[in-house]
Amino acid sequence: MFKTKPLISFIIIFWGLLPAFSALANVIGSWQGELKVNENTSLPMIVHFSQESDQITATLDSPAQGATGIPINEVVVALPEVSFKVNAIGMRFTGSFSNPDTITGTFTQGSAKLPLVLNRSIEIVKAPERPQTPEAPFDYVIEDVVFKNSKANINLAGTLTKPKGEGDFAAVILISGSGPQDRDETLFGHKPFAVIADYLTTQGLAVLRFDDRGAAQSGGDFATATSEDFVEDVQAAFEFLAARSDIKQHKIGLIGHSEGGMIAPMLASKNQDIAFVVMMAGLGVDGVSLVTQQSFDIQKLMGVEEAALKAQRQQDTQLYKRIVNGMSSEEIHDYFIQKGATEAAATGKAQQLGSPWMRFFLGYQPKQYLDKVSCPILAINGAKDLQVAAQTNLAALNTLLTANNHADFTIKSLPNLNHLFQNADTGLPNEYASIEQTMDTHVLVLMAEWINARI
């Protein structure tokens, strides 16, 4: 997730005097290109170079992702070559002027290397329309809050919205999906948690949403955390609400999206004061099954041959199970070297798959937690969800909850909706940015009515 930070100066180096490229080849200004991520997806990228006195600063925009002002940490101009790094997203660009108005080069992020041509731009690419994003004036109270996870010794920052008046309100805590998310779960310019909070607050509920640890205004280190650590962050949010005089202590529930949909039952399994759990695209299967099916389903819809996908799925399943059973990062690295990967790619895979977060996620077993959850559960999925397959995960949840005689659970597959609960054509992730709708309103109504019927 891109985060905006203070601009950082970079260094410019001049080599030689080329008349056609004088005055920094007039590099100052905006440069625009299209990053072709795959056959179906291109992302506009805009680089802004500016100069004040003898200091030059630069930033990067990704309009389709709703990200602007990403700081560029280092630029080297050795004419005609130009390169820069963006540490926040682990990205590097290396290119050269092919003419005074064009820089042709390569975008590198992790093991991915993609061609990127930057052209001098006088146009400003507008971010996609997001008509559902709430705008002032608001007919409810908005309060910026900070609460502490004492166990981790970190402060977490968020926003509490509540109806006007002195009331004693039931409350909801929103739990984000994977990756370092801000309190709005901002993705491709969409702010789904802002949309959910706005609607539920108008329906009489207080709603707390907060920046993940290490993201935006919250303290802590996201990179070293696992889902178990995020459970403790949500527990701290619960304790913060329960201590307030304007919140009903025994009417505090959880809404979790994606990974948040597994964190919610994890917390509810050990905190019996949780009033209800809503799992939005939450896991009903183990982590290995989830990750391998996700890869299979997405690539199949993109046209990859099914036989090859089945072989890859079997191979990946064996590898992931070895990781769950303690395969070291060094062994993961060597595994990919033996498969023909480059040193850089193998190192990247070892870092990703050997991380504490991934090890926990792959080993996640929903039964371990759901068997101990006694509060009402609503589990919903978009039928076109390719990241957490609705049919597989909802069927597994139904089996688990039925087997342990859970007293109150509701399971719904919602037609035509994707992982973000948008109305979608295919459900592929490359549609998320192009769809103006942030969340289908029927989902908001369903959650509000289900919660209010139980509190």
Side-chain angles (χ1 to χ4, degrees), residues 1-38 41-109 112-130 133 182 186-191 216 430 432-434 436:
M1 189 65 60
F2 297 149
K3 303 297 177 189
T4 301
K5 300 179 180 177
L7 299 182
I8 300 176
S9 303
F10 59 77
I11 301 168
I12 296 182
I13 301 173
F14 295 90
W15 284 2
L17 296 173
L18 302 177
F21 299 119
S22 62
L24 291 176
N26 206 13
V27 72
I28 303 303
S30 297
W31 298 77
Q32 179 180 331
E34 292 279 336
L35 185 67
K36 192 170 180 60
V37 180
N38 57 45
T41 304
S42 293
L43 294 176
M45 308 289 285
I46 306 173
V47 182
H48 304 283
F49 301 108
S50 59
Q51 182 173 13
E52 294 182 10
S53 183
D54 61 347
Q55 185 177 31
I56 298 177
T57 59
T59 59
L60 174 70
D61 296 344
S62 179
Q65 295 175 292
T68 59
I70 306 164
I72 289 178
N73 305 91
E74 178 186 344
V75 167
V76 177
V77 177
L79 297 176
E81 283 78 26
V82 178
S83 65
F84 58 82
K85 297 178 181 179
V86 184
N87 293 342
I89 56 173
M91 168 262 181
R92 180 180 180 88
F93 173 80
T94 304
S96 61
F97 282 96
S98 50
N99 64 59
D101 294 318
T102 305
I103 303 172
T104 302
T106 302
F107 172 103
T108 304
Q109 188 175 38
K113 290 188 176 182
L114 303 170
L116 178 61
V117 177
L118 297 173
N119 294 299
R120 188 182 304 282
S121 173
I122 59 174
E123 293 184 35
I124 300 298
V125 178
K126 294 182 178 179
E129 294 292 328
R130 301 293 180 243
T133 300
D182 67 16
T186 303
L187 180 69
F188 299 116
H190 291 290
K191 298 182 180 294
N430 60 35
Y432 299 165
S434 61
E436 288 190 358

field: Backbone N/O of P100 and side chain of R120: donor-acceptor pair under 3.5 Å
entry: yes
query: Hey, what do you get for CE (M91) to CG (L35), rounding to the nearest 0.5 Å?
result: 8.0 Å
Note, P115 side chain near K36 side chain (heavy atom, < 4.5 Å): no
- prompt: Between G189 and R130, what is the shortest heavy-atom contact and its length?
  reply: O-CG, 3.4 Å
- request: Any chance you could measure Q32, atom CD, to I46, atom CD1, to the nearest 0.5 Å?
  value: 5.0 Å
Separation of T104 OG1 from N99 CG (nearest 0.5 Å): 7.5 Å
statement: To the nearest 0.5 Å, atom CE of M45 lies from atom CG of L60 at 4.5 Å
task: Can you measure from CZ (F107) to NZ (K113) and round to the nearest 0.5 angstrom?
output: 13.0 Å
- request: Search all heavy atoms of P63 against all heavy atoms of P44 and return the closest pair with its distance.
  value: CD-O, 3.4 Å
field: From F93 atom CZ to W31 atom CH2, the distance as rounded to the nearest 0.5 Å
entry: 10.0 Å
task: Determine, stepwise, if the pair K191 / T186 fulfils side chain to side chain donor-acceptor pair (under 3.5 Å).
output: CA-CA 5 Å; K191 298 182 180 294; T186 303; 3.2 Å; yes
message: I need the minimum non-hydrogen distance between I103 and G95, along with the two atoms involved.
response: CG2-C, 4.3 Å
- line: Smallest heavy-atom separation, E436 atom then H190 atom, equals O-CE1, 3.4 Å
field: Expected output: side-chain H48 to main-chain D61 donor-acceptor under 3.5 Å
entry: no
